[in-house]
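Accompanying notes for the structure given below.
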Amino acid sequence: MKISTFLMPMLRDTPSEAEVISHQLMLRSGMIKKLSSGVFTYLPLGYRVLRKIENIVREEMNRAGAIELHMPVMQPKEIWEESGRWDQMGHLMVRFKDRNQRWFCLGPTHEEVITQIASHHLQSYKQLPVNLYQIQTKFRDEIRPRFGLMRSREFLMKDAYSFDATSKAAKESYENMFQSYTRIFQRCGLGFRAVEAQTGNIGGSLSQEFQVLANSGEDEILSCPSCTYAANVEKAETLFSEEIQKFNFKSRKKKVHTPGVRSVKDGASFLKIPEPKHYKTLFYKAYDKTVCVLVKGDRQINESKLQQVLNCASLMLATEADVIKAVGAPPGSTGPIGFEGEIYADWDIAQMEDAVCGANELEHHFTHVNQGIDFKVTMFCDIKLVKAGDVCGRCGKSPLSSHRGIEVGHIFYLGDKYSKSMKATFLDPSGKPTYFEMGCYGIGVGRTMASAIEQNHDENGIIWPISIAPFEVALAPLNMNDENVSQCAFELYQKLLDQNIEVIFHDKDDRAGVKFKDIDLMGIPIRVTVGSRGLANHTIGIKLRHEKEEKEVSLDQALLEIIKLRDELFKKTHSSA
RNA sequence: CGGGGUGUAGCGCAGCCUGGUAGCGCGCUUCGUUCGGGACGAAGAGGUCGUGAGUUCAAAUCUCGCCACCCCGACCA
């Protein structure tokens, strides 16, 4: 490709709308153009990268035995009502009516469509297992799109769905996808980590995220240095005892006046009793019922764990008015004693003796409170947010450490959640209709592209892993007016094309420095320069984007050397991470 | 949706407080000199100042409404 005839609007200044480095560099190198908040055009350069990633994904999915298809973006309301998610999806889903006043949505995901395909076309156990995938545009009306391609409303996603006859087979399909994803992200040259994850809205019982390690990531990952355990903070577990202390003394609680105390921290310093000896009491609205939730005073609640325990789709912190209605005191002076609804307590609470909590009376607290004597817990559960430094819940040997990550892939074992709600069955060997065991597997293609930049850049621009670079080689004649130089460059350009090497030819009449800056910004892995100085000695210059030094190579050896370097770079992405 | 901020040429910004000819740098066009890490000179092109009302002899500037975009919090690939 000649740069003079390629649409690639490069910018010297960083557009003010971009905050994170990947967004800035994609705008500056002319890879994307925003149309509206969270909606982007992939310009030619960006589209080449997107296609590279797409092809790696496609090759690996095919290698894993999955079959590609293509489902519609526009989906009728009916199938969403069948799965019960038309209401559940809320504002995330864009809805509209067609000319006949029928409701449709822009597909935020495709479980509903694929399940219908399966129920219509997979009738016998003999057809299983099957794994169907597509690479296609999704639309989710995100509350807050941000960071360019990192969280956009319209985005390209690879989604795959596996159908199996038994849960054992389904777990094999899941494992197969795990291997496939590992290969995909390795081939993209990314440093990543597979972590245990919360299943959220999608549902199911087992799930892992593939997280690209980067400081700008929106997710927190906790991992154990002693074993292989790693999890999203939302899911992370630490050691705790499930023993419930039984006390056989009478209530010895004492009410104390605590003027000005509004938080556990205040209470700890006022009463001179450390935070871990307090209960943190919170109230949540689960549907329309208000529940009381307790964790140790120095802890935070993990709302997604709590949501699982309560098994509810909507969960919100209760408002001040709700709290006053429930216990007669505002937040800051509340406790479980006297509350008449359900009380959910973290396991830590079961171990605490003579604790402090609010008295449900403005600016009063109880000391020497004991569960089982002063109040009864409805259910003990694991609902605290684990933090760095907590002991690994798997091996119990080391404290967990914390990293930031970008979620580029997510795999779920779903069981029969969707097949049941949509009545999708096949006939088993005995002729009995049986629900499919399903799994679903997603990769954010554009997000993978953005995270590759987050991980691979320097002050001059992007440093693409060669496997996903828009071009493998950038060829720059340093003086277009010198006949020898331009002729030699053109010949080399033709030779590279003949070898099927993807080359961008900087054929504009710019000065050398400008061309170097352009090529660095674009992040092309191999830079080849032809200049009059080198040509006098029959040499050209070759420089790798991630290295400092340019080396001189004789003109005769140039092509071989470039091919060799390219192959070496490719090998690196296959084996790295 | 709540809180904070910004809208002036393709990009980055100044001008606004204190109303009176719309400016600077980069990029773009032409010519010349340059030419191995964002050259220099000369001459140009390019703007309904986000938008609608209002105040005024006069509005980029003051007032009100609306819209868009960005950042911080609840979603998720």
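Throughout, a chain's letter reflects where its sequence line sits, starting with A, and its residues are numbered from 1.
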Separation of the P atoms in B/rC62 and B/rG19, to the nearest angstrom: 9 Å
What is the pairing partner of B/rU61, taking Watson-Crick or G-U wobble pairs with both distances under 3.5 Å in any strand? none
Send over the distance from A/Glu209 CD to B/rC76 P, rounded to a whole Å. 11 Å
Euclidean distance for C1', B/rC67 against B/rG52 (whole angstrom): 10 Å
Whole-Å gap separating C1' (B/rC75) and CE (A/Met157): 14 Å
Using Watson-Crick geometry (N1-N3 plus N6-O4 or O6-N4) or G-U wobble (N1-O2, O6-N3), each under 3.5 Å, B/rU55 is paired with none
Less than 4.0 Å between a side-chain N and a carboxylate O, is that true for A/Glu209 and A/Lys235? no
Taking CG from A/Leu317 and C1' from B/rC75, how many angstroms apart are they, rounded to a whole number? 17 Å
Using Watson-Crick or G-U wobble geometry with both distances under 3.5 Å, which nucleotide pairs with B/rC40? B/rG32
Whole angstroms only, please: what is the CD-C1' distance between A/Glu218 and B/rA74? 13 Å
How would you list, by chain and number, every residue that makes a salt bridge (charged side-chain N to carboxylate O under 4.0 Å, His left out) with A/Arg527, sequence neighbours excluded? A/Glu550
Take the protein atom CE of A/Met150 and the nucleotide atom P of B/rC76, then report the distance between them rounded to whole Å. 19 Å
Nucleotide by nucleotide, nucleotides 32-48 of chain B touches protein heavy atoms under 4.0 Å in the pattern (B base, S sugar-phosphate only, - none) --BBBBBB---------
For B/rG47, which nucleotide in any strand shown is its Watson-Crick or wobble partner with both distances under 3.5 Å? none
Mapping A/Phe155 and A/Glu303 to their closest nucleotides on RNA chain B, which lands nearer the 5' end? A/Glu303
Of all residues at least two apart in sequence or in a different chain, which pass the salt bridge (charged side-chain N to carboxylate O under 4.0 Å, His left out) check with A/Asp509? none
Base-pairing assignment for B/rG7 (Watson-Crick or G-U wobble, both under 3.5 Å): B/rC67
What salt bridge (Lys or Arg N to Asp or Glu O under 4.0 Å) pairs are there with at least one residue in residues 38-57 of chain A, not counting sequence neighbours? A/Arg48-A/Glu502, A/Lys52-A/Glu502, A/Glu54-A/Arg58
Taken to the nearest whole Å, CD1/A/Ile184 to C1'/B/rA77 is 13 Å
Atom CE of A/Met8 and atom P of B/rC28: how far apart are they, to the nearest Å? 13 Å
Under 3.5 Å, is there a donor on one side chain and an acceptor on the other for A/Asp518 and A/His506? yes
Give me the distance, rounded to whole Å, that separates B/rG2 from B/rU63 when you measure between the C1' atoms they each carry. 26 Å
Do any side-chain atoms of residues 26-40 of chain A form donor-acceptor pairs under 3.5 angstrom with protein atoms, and if so which ones, sequence neighbours left out?
from, atom 1, to, atom 2, distance (Å)
A/Arg28, NE, A/Leu11, O, 3.1
A/Ser29, OG, A/Leu25, O, 2.7
A/Lys34, NZ, A/Glu17, OE1, 3.3

What distance, rounded to whole Å, do you find between the two C1' atoms, one in B/rA58 and one in B/rU34? 50 Å
Pairs satisfying salt bridge (Lys or Arg N to Asp or Glu O under 4.0 Å), at least one member in residues 532-543 of chain A, at least two apart: none
B/rA14 and B/rC24: how far apart are their C1' atoms, nearest whole angstrom? 7 Å
Could one point to a donor on the side chain of A/Arg140 or the base of B/rC75 with an acceptor on the other under 3.5 Å away? no
For A/Phe210 and A/Phe178, run ring pair (Phe, Tyr, Trp, His ring centres under 6.0 Å): C-alpha distance rounded to whole Å, both residues' side-chain angles, the deciding distance at 0.1 Å, then the answer. CA-CA 9 Å; A/Phe210 286 77; A/Phe178 182 93; 5.4 Å; yes
Taking atom P in both B/rG50 and B/rC17, compute the distance separating them and give it to the nearest angstrom. 15 Å
Would you mind classifying the nucleic acid contact of A/Ser304 as base, sugar-phosphate or nothing, using non-hydrogen atoms under 4.0 angstrom? nothing
Look through every strand shown and name the nucleotide pairing with B/rC75 as Watson-Crick or G-U wobble, where both distances are under 3.5 Å. none
Between B/rC28 and B/rC11, how far apart are the two P atoms, rounded to whole Å? 15 Å
Protein-to-nucleotide contact annotation, 5' to 3' order, nucleotides 67-73 of chain B [B base; S sugar-phosphate only; - none; under 4.0 Å, heavy atom]: --SSBBB
Go through the steps for A/Lys305 and A/Glu234 under the test salt bridge (charged side-chain N to carboxylate O under 4.0 Å, His left out), then give the verdict. CA-CA 7 Å; A/Lys305 278 187 187 173; A/Glu234 290 176 353; over 6 Å; no
Roughly, in whole Å, what's the span from CG in A/Leu25 to P in B/rC11? 18 Å
Rounded to whole angstrom, note down the C1' distance from B/rG54 over to B/rU61. 15 Å
Who are the salt bridge (charged side-chain N to carboxylate O under 4.0 Å, His left out) partners of A/Lys158, not counting sequence neighbours? none
Please collect all side-chain hydrogen bond (donor to acceptor under 3.5 Å, both in side chains) contacts where either partner lies in residues 473-489 of chain A, sequence neighbours excluded, each pair once. A/Gln487-A/Glu491
